[in-house]
There are 4 protein chains.
Amino acid sequence: MTMQRAAAATRAPGRPRSEKAEKAIIEAALDLLAEGAGMSDLSIEAIAHRAGVGKTTIYRRWPGKEELVLDALTTLKAPVPDFGELSVRDALVSYLTFIQHESDHPRTRCIMNIAMSERERYPSMVERFYRLAIEPRRIALRATLQRGIDNGELRPDLDIETAMAAVTGSMIYFTKWHHGNELPADLPERIVDGLLEGFKAG
Amino acid sequence: MTMQRAAAATRAPGRPRSEKAEKAIIEAALDLLAEGAGMSDLSIEAIAHRAGVGKTTIYRRWPGKEELVLDALTTLKAPVPDFGELSVRDALVSYLTFIQHESDHPRTRCIMNIAMSERERYPSMVERFYRLAIEPRRIALRATLQRGIDNGELRPDLDIETAMAAVTGSMIYFTKWHHGNELPADLPERIVDGLLEGFKAG
Amino acid sequence: MTMQRAAAATRAPGRPRSEKAEKAIIEAALDLLAEGAGMSDLSIEAIAHRAGVGKTTIYRRWPGKEELVLDALTTLKAPVPDFGELSVRDALVSYLTFIQHESDHPRTRCIMNIAMSERERYPSMVERFYRLAIEPRRIALRATLQRGIDNGELRPDLDIETAMAAVTGSMIYFTKWHHGNELPADLPERIVDGLLEGFKAG
Amino acid sequence: MTMQRAAAATRAPGRPRSEKAEKAIIEAALDLLAEGAGMSDLSIEAIAHRAGVGKTTIYRRWPGKEELVLDALTTLKAPVPDFGELSVRDALVSYLTFIQHESDHPRTRCIMNIAMSERERYPSMVERFYRLAIEPRRIALRATLQRGIDNGELRPDLDIETAMAAVTGSMIYFTKWHHGNELPADLPERIVDGLLEGFKAG
DNA sequence: GAGTAACCGAGACGGTACGTCGTGTCTTCTT
DNA sequence: AAGAAGACACGACGTACCGTCTCGGTTACTC
């Protein structure tokens, strides 16, 4: 029993790493990213200075920028919403509203920026980030659409993959190319209703 | 004689700038972008080295990276296709096929990468690039959809803006998040047909 | 019983400091100095590592490098020789032989190096070291010369300060600028006899 | 002939190195040394900052601190005085006065500090510095003493090496261990006269 | 065909950031 | 309480590029 306690109590000798420093580093990295820095502009030195931390303290924890940014971004991972109670139409509206709200805040907006723009240069980082933060949403969205098919709200022969692309892609398109300062509040409804109805006449 | 001098003087005195160098610079910039460089990684020094040219030769022509990249990208500007003869459905399929082909080639793929990812840091460049290369397509697409409404192919109350977002956004979504190496050949058809039909049952 | 406890309490509570560690630290510092380290190169970390000791163990005993080095150097303080029985000429030869022997051994050689070169940066350390290790020799040397004057061996109007400078300075000069590997064994005699005789002809 | 001219006119392509920068670097290094820095305290970064120069500009010229300091010190090399017209006694006084004046000025004082204290750590630098700056003086001093022997001013059996050590070493001794702020003005005379006369009575 | 002025390559310039190392201080568990 | 281990903020290291500048030499047009 004593041995068990000793075994349980075993931890690395020496001063333990400061959680405070770790948080400050993540915060600093997110701040800088939110201020518009891309991966290349984001310097370890700037992060360290902003966090009030020595560079060593960063390199002790992460081998490089890539891994640090991955950790920083995943802390922003919002919980996947649960649309169990809503109609499929309302669930999709909620889903897009959720995305729209994210793109209003600099911190969460930078998530998608990084994920979309740095894929070619940091494929493994983006890939891992995708699995942690994007995939769960896709699964939730897919489940919602499947539920719509199952309960008769949606066409039984609906191509779920292209439907997902249409829903999410529409929103991305607007957040990227909308030329005003803010997206209209009823955008999610307009998108969803337009897609449900289809383009064809008659 | 005065006129002759004036006519002759339309050309600047001194050694004329080498067209060869200019082309080599543009080519080098496009190569580097195609190889995955973003704006920050794209260095004037690297371009000069790749083009076999002194850095001065670049800075004499463009005030900075931004302007050079803008020129380089507009070089790639494909002509806007004319869908006058096709049904709206086929026109949309052609449109997306066109985009899909672009994303197959590294050079043209980088267009959208830059345009989408560097907006916050180089807003004026992206803005000008948008007017030169994106806006014409949007106009063509809008005209096509309007034609569909006018000739009864599409719903008369179709929200054209969200419809454009759905068409283009779907494609963007796939090019960005598709996890295989290549997009399926029938993707444009699947997208267009799915959107025309709508999601709703019955 | 109270008295016994009081007696026992003359010793601080808790684990007593390890004399072994203290000696190892001094030894390590002297080794490093003997290997050619100056004050700036001599790092607490290196001393701790060489002594097989944690840095804390050093900082608990000395407030800084300066004080540690002072202690280490005074450890080497050789006893001032007593020349009471010898003629002044032989006393001076003994004195220089003593210095020459010191400069043969890396450990004692480093004493003078430190004392001469670090004066501007660590004046208080050098000052205190001077009082402990150099001053006694100067006093002995001065007494020897005074004895020579008193007993008629030396000129009554001899300028004792410059004479001391000539005796000691000659030796310093050789130890610093001699370009062979070792000083000749008869050097002290040559120096002393030359000085006693003077340079002038006739 | 044309070829000869071409050969003569050949110089490295590209922008030539700035003499101004070179001088500023040397000046900065000397300033820092004069302010009491030793070799270890003297950082390339500090020199660059003080000189208003990038670090690269230093590393482009010198492989390291050692070579830079050597160059910096040799710029201070005073011309060897010529004592041809003076009596040997006055020549020696001039010689020591010259040394004493050097030790009054921070810049020239640091010469001897470096030369004497960094020998063990930077032997090749000190060796080369010795040849450039110290050796010529020794030669001049030796010649002066030899002249004294030849013209009957000095003893014919004078040991020149120990005599040189006595002259120079006395001065070194005072500059190193004198505890006031300034050396007395008549010190050279006192040293020389004491040495010429000898210590012995009668 | 000599003058001249803009062009060209090369490369040095003042900087910034890199990732590593070593400083002296601190905080933790173990003895 | 002392010990070791090691994390901490800091700062210098030497390297690699950045975008700017300053050269000698090269064109190609004008007089």
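Letters A, B, ... are given to chains in the order of the sequence lines, protein chains preceding strands, and every chain is numbered from 1.
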When rounded to whole Å, the CD to P distance for the pair B:E19 and E:dC7 reads 14 Å
D:Y59 atom OH is separated from E:dG15 atom P, nearest whole Å, by 17 Å
Taking only Lys NZ, Arg NE, NH1 and NH2, and the carboxylate oxygens of Asp or Glu, determine whether C:R107 and C:E27 approach each other closer than 4.0 Å.
yes
Check: Is there side-chain contact between B:W62 and B:I25, with heavy atoms separated by less than 4.5 Å?
Finding: yes
Point to revise | D:E22 and D:R17 ion-paired at < 4.0 Å | key: no
Quiz item: Taking only side-chain nitrogens and oxygens of B:R61, does any of them come within less than 4.0 Å of OP1 or OP2 of E:dC8?
Solution: yes
Would you please confirm or rule out a distance under 4.0 Å between OP1 or OP2 of F:dA9 and any side-chain N or O of A:T57? yes
Sorted by position of nearest nucleotide on DNA chain E, 5' first, the leading residue of D:E45 and D:E22 is D:E22
**Prompt:** Which is true for B:G52 with a 4.0 Å heavy-atom rule: it touches a base, it touches only sugar-phosphate, or it touches nothing?
**Reply:** sugar-phosphate
Here the distance between atom C1' of F:dC13 and atom CG of D:L68, to the nearest Å, is 15 Å
Quiz item: Does a side-chain N or O from C:R60 land closer than 4.0 Å to OP1 or OP2 of E:dT25, or not?
Solution: no
>> Tell me if the side-chain of D:T56 makes a donor-acceptor pair with the base of E:dG15, cut-off 3.5 Å, by modelled atom types.
In response: yes
5'-most contact on DNA chain E (nearest-nucleotide basis), A:D41 vs D:V53, goes to D:V53
To the nearest angstrom, the CH2-C1' distance between D:W62 and F:dG14 comes to 16 Å
Note: for A:R17 and D:A46 on DNA chain F, the residue whose nearest nucleotide lies more 5' is A:R17
A:E66 CD to E:dG19 P, in whole Å, measures 12 Å
A:K55 atom NZ is separated from F:dC13 atom P, nearest whole Å, by 13 Å
Are the charged groups of D:E66 and D:R128 less than 4.0 angstrom apart, N to O? no
Worksheet entry | Distance test, side-chain N/O of B:R15 to OP1/OP2 of F:dC29, below 4.0 Å | no
Notebook entry, point to check: Does A:T74 reach the main-chain N or O of A:L70 with its side chain, forming a donor-acceptor pair under 3.5 Å?
Noted result: yes
Of C:A21 and B:I44, the one whose closest nucleotide on DNA chain F sits nearer the 5' end is C:A21
Between CD of A:E67 and P of E:dG19 the distance, given in whole Å, is 11 Å
For a quick test of reading the model: is some side-chain N or O of C:K65 closer than 4.0 Å to OP1 or OP2 of E:dG24?
yes
Taken to the nearest whole Å, NZ/A:K20 to P/E:dC26 is 14 Å
